[in-house]
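Notes follow once the structure below has been shown.
In what follows, every chain begins at residue 1, and chains take the letters A, B, ... in the order their sequences are listed.
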Protein chains: 2
Amino acid sequence: MLNNLERIKIEKPVDKIIEQLRSLIISGDLKPGDKLPPERKLAERMGVGRLQVRDAIRKLEFYGIVKTLPQSGTIVAGLGISALEGLITDVLKIEQSDFKSLVETRVILEKQSAYFAALRRTDEDIVEMSNALEAYQANINSGMNAVEEDLLFHLKIAEASKNSVLKSLMMIITPDIVNSFISLEVCDDRNIEKPLDEHRRILQCIINQDAEAAADAMQEHLQDVLDYSNQVDLTKSKK
Amino acid sequence: MLNNLERIKIEKPVDKIIEQLRSLIISGDLKPGDKLPPERKLAERMGVGRLQVRDAIRKLEFYGIVKTLPQSGTIVAGLGISALEGLITDVLKIEQSDFKSLVETRVILEKQSAYFAALRRTDEDIVEMSNALEAYQANINSGMNAVEEDLLFHLKIAEASKNSVLKSLMMIITPDIVNSFISLEVCDDRNIEKPLDEHRRILQCIINQDAEAAADAMQEHLQDVLDYSNQVDLTKSKK
DNA sequence: GACCAGCATTTGGTTAACCAAAATAAAGGT
DNA sequence: ACCTTTATTTTGGTTAACCAAATGCTGGTC
């Protein structure tokens, strides 16, 4: 309904600064490893406040593009110029991920997560996953919204996979998943029993340490969403 | 050599603030959707400067946990409390990812990336990937370090996969990969021809639109690193 | 009584001044 | 001539004051 309003182009000032930093680096004389101009100089040259430059550097540092040493300076990290060129532009666009890519990637991560969880789960992991599943079931039975508990169950699987990066990436895309689901109104109240059964089946495969079956069960569980995302993509392409 | 020095526990103040915010949210009365205390109150209550609270909120906002509206307040985003509990703790630890998880996850992403690239690549993508491969080859032939060009080739494959999220995630973990490689000195100068051949083979599979073969070629290409990461993991567990 | 204009307060955003650590330059001693 | 030591400048980090927009309140008007 308010999707039309979302298109207000908010060119946040920090993004413009990042863009200028990008051209500064690409234009040449900033090899990886040597330090870029101090914050004051950058602020002055770009005609903006120093705090905004600071924020831009923070964001770049968060992505590992630069490394700032206190009271010493900010250096560009090991990643090279050629890679940076494509990198920074997409850092800016990382939020506007399209729904299809989002779901597609989620399926990949979840499948592997279930696969590794089946191989590596401990007894404690089983308890955690079972508890999450029960909370999910309880909310469904009382007719409440169970989106949180649904995600919590998937998160517990990721924990059982013993792969911290896999779990972190899943958590990174999870908020986008939720937002997309809400805005697209996918979470309608039909099919309240089916996902519950699928969750139970996934858990059973993990308990049995059958990795292939767990991955398949997860694939099937997410297949509906995947199909839906393809439909959405088709309808959106008409716009 | 300086790995011993890396263990200096730097409990950055902003992380402590995030931790306190977490307990604030979990402790109860902050339902998702309503706004948390203003920055000044938080700074006063925690006994820290306001700018640090500000940075913590920025970081949380970046992860989509909260949403800050200018001149109005900061609200916690849609994601629920139960999910947040596990989420924020790992946001703090997202940087210290262990090498094995890093490589393992990279293999997953790269395999799928090659798979989709084979299915969806355009003629323009082929040109881009070929150029990256040539640049890689040129640097190798002249005896220079080709890490950047190596990654650039993989990045072009991700672009050809037409999955923006997949590409973004790969770019998120790439800096960590590079840092780990450097600190562990994996990139020794032996085997300079083998990866080049593997790159060519991967590209050929993608051009042929043979998705399975492309994924297998990528798997084989990264198998050495994967094996090495398992060794490292074993040696590190002795420490 | 409902509604709206206008004022005061709240709140995130911004600026400028200041601080301490680090790097650099300079001086002095060997 | 070289190294050590010290003083100065540079640099990121921090604090406090200020700004503009947004919210809530108040009083008046219809």
Side-chain angles (χ1 to χ4, degrees), chain A residues 2 5-6 8-21 24-25 29-77 92 95, chain B residues 2 5-6 8-21 24-25 29-77 92 95:
Chain A
L2 45 78
L5 302 183
E6 287 183 7
I8 50 173
K9 184 61 176 178
I10 40 174
E11 182 84 10
K12 280 190 176 180
V14 32
D15 291 338
K16 290 191 67 171
I17 298 173
I18 291 183
E19 181 62 24
Q20 293 201 42
L21 275 181
L24 252 185
I25 294 178
D29 36 26
L30 243 51
K31 290 170 287 293
D34 70 14
K35 60 184 183 183
L36 48 87
E39 296 179 352
R40 289 173 174 84
K41 292 284 180 61
L42 285 176
E44 181 186 10
R45 196 192 310 185
M46 295 182 181
V48 297
R50 186 172 154 223
L51 181 56
Q52 285 130 337
V53 174
R54 218 168 140 63
D55 282 346
I57 291 180
R58 289 282 176 82
K59 212 163 183 176
L60 258 45
E61 183 184 18
F62 180 83
Y63 278 101
I65 297 175
V66 300
K67 180 74 175 177
T68 154
L69 326 180
Q71 274 78 30
S72 171
T74 304
I75 65 176
V76 319
L92 304 179
E95 297 94 357
Chain B
L2 44 78
L5 302 184
E6 287 183 7
I8 49 171
K9 184 60 178 177
I10 40 171
E11 181 83 12
K12 280 189 176 180
V14 30
D15 292 338
K16 291 191 66 170
I17 298 174
I18 292 183
E19 181 63 24
Q20 295 202 41
L21 275 182
L24 253 186
I25 295 179
D29 37 25
L30 242 52
K31 291 170 288 292
D34 72 13
K35 61 184 182 182
L36 49 86
E39 295 179 353
R40 288 173 175 83
K41 293 283 179 63
L42 285 176
E44 182 187 12
R45 197 190 311 183
M46 296 182 182
V48 297
R50 186 173 153 223
L51 182 56
Q52 284 130 338
V53 174
R54 213 165 144 63
D55 282 346
I57 291 180
R58 286 283 176 82
K59 212 164 184 175
L60 258 43
E61 181 184 19
F62 182 82
Y63 278 103
I65 296 175
V66 300
K67 180 74 177 178
T68 154
L69 327 179
Q71 275 78 31
S72 171
T74 304
I75 65 177
V76 318
L92 303 179
E95 296 95 357

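Here the P atom of nucleotide C:dT11 and the NZ atom of B:Lys67 are 20 Å apart, to the nearest Å. Rounded to an integer number of Å, the gap from CD1 of B:Ile75 to C1' of C:dT11 is 14 Å. Rounded to whole Å, the distance from CD on B:Glu39 to C1' on C:dG13 is 8 Å.
For the atom pair CD1 (A:Ile75) and CD (A:Glu61), the distance works out to 10.0 Å, reported to the nearest 0.5 Å. Atom-to-atom distance recorded for A:Met46:CE and A:Glu19:CD is 10.0 Å, nearest 0.5 angstrom. Note that the OG1 atom of B:Thr74 and the CG atom of B:Leu69 stand 7.0 Å from one another [nearest 0.5 Å]. The distance from the CG atom of A:Leu51 to the CZ atom of A:Arg58 is 8.5 Å, given to the nearest 0.5 Å.
Taking every heavy atom of both residues into account, B:Ile18 and B:Ala56 meet most closely at CG1-CB, 3.9 Å.
If you check residues 40-56 of chain B against DNA chain C, the residues with a heavy atom closer than 4.0 Å are B:Arg40, B:Arg50, B:Arg54, listed by number.
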Taking it one step at a time, do A:Gln52 and A:Val14 satisfy side chain to side chain contact (heavy atoms under 4.5 Å, CB included)? CA-CA 6 Å; A:Gln52 285 130 337; A:Val14 32; 5.7 Å; no
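Looking at residues two or more places apart in sequence or on another chain, you find a salt bridge (Lys or Arg N to Asp or Glu O under 4.0 Å) between B:Arg50 and B:Glu39.
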Using nucleotides 20-23 of chain D, report all nitrogen or oxygen pairs with the protein that are shorter than 3.5 Å.
{"from": "D:dA22", "atom 1": "O4'", "to": "B:Gln71", "atom 2": "O", "distance (Å)": "3.4"}

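At least one side-chain heavy atom of B:Leu21 sits less than 4.5 Å from a side-chain heavy atom of B:Leu42.
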